[in-house]
Amino acid sequence: MPETDALNMDRLRRETAAYGARLGRRPSACVVTFGCQMNARDSEKLLGVLLAAGFKEAADETADLVVINTCTVRENANERLYGHLGHLNSMKREHPEKLIALCGCMMQEADEAEKIKTKYPFVDLVFGTHNLYRFPALLADRMAGGGRVFELWDSPKAIVEDLPKKREVPYRSGVNISFGCDNFCSYCIVPYVRGRERSRRLEDILKEVCELADDGVIEIMLLGQNVNSYGKGLESPVSFAELLKQVCAVEGIKRVRFMTSHPKDLSDALIEAIRDNEKVCRHLHLPLQSGSSRILKAMNRRYDKEGYLALTERIRAAVPDISLTTDIIVGFPGETEEDFEETLDVVRRVRFDSAFTFIYSPRTGTPAAAMPDQVPKEVVKERFARLLDLVQKIGAEESGRDVGRILPALVEGLDAATPGRVTGRLGNNVMVHFPGDASLIGQIVDVHLKEVRGFYYIGEKV
Ligand code: 5AD
Ligand code: SF4
């Protein structure tokens, strides 16, 4: 970082101290996150900035400063924000010095930001996804007593590397590898609110991973809207498979995961990289969205049913014990009963370990929102229930297939329900409970999986 106060951290520290003096105590802050892993990682940066500036972390929204990192991928995410705002407003009436900041994807929607500006006067600060690194400067401006601060950019200007970060857990971290998305799936708002795809430089990613490893991190989650297209447009282009290998080679890193894979860009080189690197977790999240080739075309997904099935077969042939999970949207415009049956067919054939199922939600500005033949609510609800039933039935049948095996688990914490037991996560993302104490937290241990209970195992450390 340049010696000048480029990020405005010094200025933020001074303004935080002054704010604390007005309150008569050290100010507290709480960052609330909606949405995906990408937002979760952004929130670690927001909290990192706040702690470095002198705030203390608060457990809930009674904090002096509340930052809400919003999501807008489906309408219910937007509704959730407005629910929170009502509550925050009544808290601010009791505590007029309280500060409320909003950021994230929903603020990138001009209509929503405008609504906040005109109808929610108690909101102090609004910024977006492209200018997250301006947070220290903008918060300092607000605390310095200027008016409300609204700064929104419609496109990104730079990838800024050096924001402080506060990890949620000491032993695991997300690492951004790319930002934005170029795919323009016709239902999806992400390309509009996160911008075009930009990859971080390989050196910067590896530097961050090395620093994390030095700081005690053993599990890395590589994050991008479409990790499989990583590296395009870089000065020296690199493939995702190559990046994955290099991340695996970092000493101290024991597990590597990644999110999200677009089926159209998943290369054989990547399948080989997964197969040949023990550190890569045996779990692949591979959004299907629909099993109907006709709907996939309307979704602009650029693969068809047969292509998806063939891909999962190639993956399973190379890595037989991999766990496949997916995202499915029900009720995309024009979806007929036959189209929906195709989705059920893919679910039956691939036998996902689990699936996130969503009811199609029209997003203003996306092509699908303007398509004719929006499917009636009752029909969507009925299909959604059938899909959920099938997904759960197959998930239940598949769970337990590793009973009897000894597998490594990363211990995440004490088992809240049973004293004397800890909870660990297997490479395939399934949980196992076994006898142990707090000293195991953050370690990877071999566990004998003795029985399955619903979707988790009971085991014993070997
Ligand atoms: N409606 C419903 N689900 C959506 N998703 C993205 N956009 C929409 C939408 N408009 C789902 C997709 C994606 C996941 C993150 O959210 O399944 O993979
Ligand atoms: Fe949205 Fe498609 Fe990009 Fe995923 S790949 S973020 S669904 S546009």
Side-chain angles (χ1 to χ4, degrees), residues 33-42 70-80 104-106 108-109 112 129 156 176-199 221 223-230 232 240 258-266 284-292 295-303 307-308 311 324-335 339-340 343 346-347 352 354-371 374-375 377 380-381 383-384 387-388 391:
T33 312
F34 296 161
C36 64
Q37 303 276 351
M38 201 73 69
N39 262 18
R41 183 63 175 155
D42 284 350
T70 64
C71 170
T72 187
V73 78
R74 287 170 295 275
E75 184 59 30
N76 52 11
N78 295 38
E79 284 156 13
R80 244 179 104 196
C105 293
M106 187 176 159
Q108 287 296 143
E109 287 186 89
E112 299 290 355
T129 56
N176 299 109
I177 64 166
S178 61
F179 303 94
C181 183
D182 282 347
N183 289 314
F184 290 93
C185 300
S186 62
Y187 51 82
C188 186
I189 200 163
V190 167
Y192 307 90
V193 294
R194 290 247 172 207
R196 293 302 74 73
E197 183 177 289
R198 287 99 55 209
S199 292
M221 166 78 97
L223 297 171
Q225 268 354 301
N226 176 11
V227 292
N228 300 127
S229 67
Y230 170 77
K232 281 190 239 150
F240 179 59
F258 51 87
M259 233 280 224
T260 295
S261 284
H262 195 306
K264 79 174 165 66
D265 296 314
L266 202 152
L284 189 62
H285 186 68
L286 195 62
L288 167 67
Q289 311 302 4
S290 169
S292 154
I295 295 294
L296 286 169
K297 193 159 190 355
M299 287 176 162
N300 192 30
R301 291 289 288 175
R302 285 171 277 173
Y303 54 86
Y308 187 92
L311 176 61
L324 293 177
T325 59
T326 199
D327 292 345
I328 300 172
I329 298 176
V330 180
F332 184 83
E335 183 189 76
D339 292 318
F340 178 65
T343 298
V346 175
V347 171
F352 298 105
S354 66
F356 294 104
T357 51
F358 305 108
I359 287 182
Y360 169 70
S361 170
R363 309 311 294 125
T364 311
T366 62
M371 286 180 187
Q374 301 282 329
V375 184
K377 263 205 182 101
V380 180
K381 271 197 177 157
R383 285 183 194 159
F384 184 82
L387 175 65
L388 197 61
V391 159

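We count ligands from 1, going down the list as the structure has it; atoms in each ligand are counted the same way. Side chains included, hydrogens not; waters and symmetry mates left out as well; all remaining heavy atoms used.
- Contact annotation: R301 has at least one heavy atom less than 4.0 Å from an atom of ligand 2.
- The shortest N/O to N/O separation between Y360 and ligand 1 does not fall below 3.5 Å.
- Listed by atom number, the atoms of ligand 1 under 4.0 Å from I359 heavy atoms are 1 (N), 2 (C).
- Pairing each heavy atom of R196 with each of P191, the nearest pair is NH2-O, 2.7 Å.
- For atom 15 (C) of ligand 1, the nearest protein heavy atom (residue, atom name, distance) is D327 OD2, 3.8 Å.
- Against a heavy-atom cut-off of under 4.0 Å, R363 is close to the following atoms of ligand 1: 10 (N).
- The residue from C188, C181, S261, P191 that puts a heavy atom closest to atom 1 (Fe) of ligand 2 is C188.
- The contact set between ligand 1 and Q289, taken as ligand atoms under 4.0 Å from a residue heavy atom, comprises 12 (C), 13 (C), 17 (O), 18 (O).
- In this model, a donor atom of one side chain and an acceptor atom of the other lie less than 3.5 Å apart for T72 and E109.
- Taking 2.8 Å as the threshold, H262 does not count as a candidate ligand of atom 3 (Fe) of ligand 2, since none of its N, O or S atoms lies below it.
- Side-chain contact of E197 with N226: a donor-acceptor pair under 3.5 Å is absent, judged by distance alone.
- Every atom of ligand 1 is numbered from 1 in the order shown, and the set under 4.0 Å from a heavy atom of S361 is 1 (N), 2 (C), 9 (C), 10 (N).
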